There are 2 protein chains.
Amino acid sequence: MKTTEKYGKKISTALSMWVKLSRAYHTFSKKAVEDIRKYNLTEPQFSVLESLGHLGPMPIGKLCSKQLVTGGNMTLVVDNLEKEGLVKRVHSTTDRRTIVVQITEKGKTLFDQIFIQHAKRMTEIASVLSEKEQNELARLLKKLGTSITE
Amino acid sequence: MKTTEKYGKKISTALSMWVKLSRAYHTFSKKAVEDIRKYNLTEPQFSVLESLGHLGPMPIGKLCSKQLVTGGNMTLVVDNLEKEGLVKRVHSTTDRRTIVVQITEKGKTLFDQIFIQHAKRMTEIASVLSEKEQNELARLLKKLGTSITE
DNA sequence: AAATATTATTTTAAGGTTAAAATATTTAAG
DNA sequence: CTTAAATATTTTAACCTTAAAATAATATTT
């Protein structure tokens, strides 16, 4: 018995969409991770490096809200980046609760080397869709993503 | 300086789409997890229960390929479901390397109770898009997801 | 039939993830 | 000012995840 017959058309449409969202994300994610691993980084580490590289130093908390993860998580990711000497923690001068993370010279050099390569690789993968389709997909995803707040 | 100016339009379009895919997936995923947690299950546990509940007993390996995860991962998820008495491992009679996982009475009862509720909740969340938009989104996601194989 | 290769699952080590509790610091109230 | 509430980060415990190595059983080669 098909999902539609069992649960109705509306539910069937929605579930089918969620399944495809999940699959598309996971296949994409796998490709991205595979690429990033070449540089001996994990995906979360790369994302943090990317934020710091493009936007400059920022507190742990801001990194959390940007990447939609918890504080405990970010503490660990920053720990691991720090072990590699790619970022460093600096106490905020104005508020000693706050710890600002900044990219090191070593981190910046690595980031400059790899970001554009990674971006090109991701662009290549996206090219199975035309630019027009990519824009339409992005529009629908944004509508879906931003209105799920509640 | 905007991404477009820095790296060109094609790259900018693709990266923007990936960011939105990632955000949409994560916000959706968070909602799904939140709902599933009410039943004291994790998302991977729910997915396994769903496969077994809808399709019947199957080997660990088949669960892996369905959920796109590694064997070591599935071993643990099944372990945890087994601890709760929701599934059980049965050695295959034809090939003793293979371990077939089947849902227990307790697991089936739970699954029957929660699946439809969860589906309705997910349908509700999807309803920020019209059914037509959901179908278009699904179509683009499928095109994207299935052609990333290589 | 014995040695070799393949397949299915488990184990292990390293990271990622969350929620909840613990610390440390700042802000607000009384 | 002192206490209470709020904020930023870290710690802890539990689970998810992968890759790589280890086990166990089947299939293939010679």
Side-chain angles (χ1 to χ4, degrees), chain A residues 22 25-27 29-49 57-84 86-102, chain B residues 22 25-27 29-49 57-84 86-102:
Chain A
S22 182
Y25 174 76
H26 282 108
T27 44
S29 173
K30 217 155 254 181
K31 281 289 160 192
V33 166
E34 202 175 277
D35 187 60
I36 290 168
R37 265 182 68 88
K38 288 184 208 152
Y39 315 113
N40 263 303
L41 292 172
T42 66
E43 201 279 330
Q45 287 168 2
F46 180 81
S47 292
V48 167
L49 231 42
M58 65 183 80
I60 300 263
K62 191 157 183 195
L63 286 169
C64 289
S65 58
K66 282 191 76 66
Q67 333 254 310
L68 307 175
V69 299
T70 59
N73 188 355
M74 195 47 76
T75 292
L76 182 67
V77 174
V78 170
D79 279 352
N80 288 329
L81 281 168
E82 211 171 20
K83 275 182 206 154
E84 297 296 323
L86 299 170
V87 305
K88 61 181 170 188
R89 284 176 163 91
V90 180
H91 277 87
S92 164
T93 49
T94 51
D95 183 340
R96 271 186 312 199
R97 286 171 304 184
T98 302
I99 290 188
V100 175
V101 185
Q102 60 179 62
Chain B
S22 182
Y25 175 75
H26 281 108
T27 43
S29 173
K30 215 155 253 181
K31 282 289 159 190
V33 167
E34 202 175 276
D35 186 60
I36 290 168
R37 264 182 69 87
K38 286 184 207 151
Y39 315 114
N40 263 305
L41 291 172
T42 65
E43 200 279 330
Q45 287 168 2
F46 180 81
S47 291
V48 167
L49 230 43
M58 65 183 80
I60 300 261
K62 191 157 182 193
L63 286 169
C64 290
S65 58
K66 283 191 76 66
Q67 333 253 308
L68 306 176
V69 299
T70 59
N73 187 356
M74 196 48 76
T75 292
L76 182 68
V77 174
V78 170
D79 279 353
N80 289 329
L81 281 168
E82 210 172 21
K83 276 182 204 153
E84 297 296 324
L86 299 171
V87 305
K88 61 180 169 190
R89 283 176 163 91
V90 181
H91 278 86
S92 164
T93 47
T94 51
D95 183 340
R96 271 186 311 198
R97 287 171 303 185
T98 303
I99 290 187
V100 175
V101 185
Q102 61 180 60

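To find a chain, count down the sequence lines: A is the first, B the second, and so on, and within it residues start at 1. None of the values given here were measured: they were computed from a predicted structure. Values reported hereafter were calculated over all heavy atoms of this structure, with side chains retained and with hydrogens, waters and symmetry mates removed.
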Got a donor-acceptor pair under 3.5 Å from the side chain of B/R97 to the base of C/dT7?
->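 Side chain to base: pair present.
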For [N], take OP1 and OP2 only and decide whether either is under 4.0 Å from a side-chain N or O of [X].
| X | N | value |
| --- | --- | --- |
| A/R89 | D/dT10 | yes |
| A/T42 | C/dG16 | yes |
| B/N80 | D/dA14 | no |
| B/R37 | C/dT17 | no |

How many whole angstroms separate atom [atom1] of [X] from atom [atom2] of [N]?
| X | N | atom1 | atom2 | answer |
| --- | --- | --- | --- | --- |
| A/M58 | D/dT9 | CE | C1' | 17 Å |
| B/N40 | C/dA19 | CG | P | 14 Å |
| B/I36 | C/dA19 | CD1 | P | 14 Å |
| B/Y25 | C/dT17 | OH | C1' | 13 Å |
| A/M74 | C/dA19 | CE | C1' | 17 Å |
| B/L41 | D/dC15 | CG | C1' | 13 Å |
| A/D79 | D/dT10 | CG | C1' | 9 Å |
| A/H91 | D/dT7 | NE2 | P | 20 Å |

Residues A/I99, A/V78; criterion side chain to side chain contact (heavy atoms under 4.5 Å, CB included); working and verdict | CA-CA 11 Å; A/I99 290 188; A/V78 170; over 6 Å; no
Minimum-distance nucleotide (side-chain atoms of [X] versus [options]):
| X | options | answer |
| --- | --- | --- |
| A/K30 | C/dG16, D/dT17, D/dT18 | D/dT18 |
| B/P44 | D/dT17, C/dG15, C/dT9 | D/dT17 |
| B/T98 | C/dA8, D/dA6, D/dT26 | C/dA8 |
| B/Q45 | C/dA24, D/dC16, C/dA19 | D/dC16 |

Within the structure shown, what part of the strands sits under 4.0 Å from [X] by heavy-atom distance: base, sugar-phosphate, or nothing?
| X | result |
| --- | --- |
| B/T75 | base |
| A/I99 | sugar-phosphate |
| B/E43 | nothing |
| A/I60 | sugar-phosphate |

Looking at A/R37 and A/E34, does any basic side-chain N land under 4.0 Å from a carboxylate oxygen?
->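 Salt bridge absent between A/R37 and A/E34.
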Taking only heavy atoms on the protein side, list every residue of residues 62-73 of chain B lying under 4.0 Å from any atom of DNA chain D, sorted numerically.
->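 Output list: B/L68, B/V69, B/T70, B/G72, B/N73.
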With rounding to the nearest 0.5 Å, note down the distance linking CG in A/L68 to OG1 in B/T27.
->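 Answer for the CG-OG1 pair, A/L68 versus B/T27, is 8.0 Å.
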Could you state the interatomic distance from OG1 (B/T75) to CZ (B/R89), rounded to the nearest 0.5 Å?
->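 Reported value, rounded in 0.5 Å steps: 6.0 Å.
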Determine the minimum heavy-atom distance between B/V100 and B/S92, stating which atoms define it.
->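 Reported closest heavy-atom pair: CG2-CB, 4.2 Å.
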Residues which pass ring pair (Phe, Tyr, Trp, His ring centres under 6.0 Å) with B/H91, listed by chain and number, not counting sequence neighbours |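 If we apply the ring pair (Phe, Tyr, Trp, His ring centres under 6.0 Å) test to B/H91, skipping adjacent residues, there are no hits.
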Closer to the 5' end of DNA chain D via nearest nucleotide, is it A/L76 or A/D95?
->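 The answer here is A/D95.
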So what's D/dT3 paired with, Watson-Crick or G-U wobble, going by both distances under 3.5 Å?
->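 With both distances under 3.5 Å, D/dT3 matches C/dA28.
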Donor-acceptor pair, side chain of A/E43 and main chain of A/A32, under 3.5 angstrom |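 Not a single qualifying donor-acceptor pair exists.
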Classify the angle between the aromatic ring planes of B/H26 and A/Y25 as parallel (below 30°), tilted (30 to 60°) or perpendicular (above 60°).
->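 Ring orientation of B/H26 relative to A/Y25: perpendicular.
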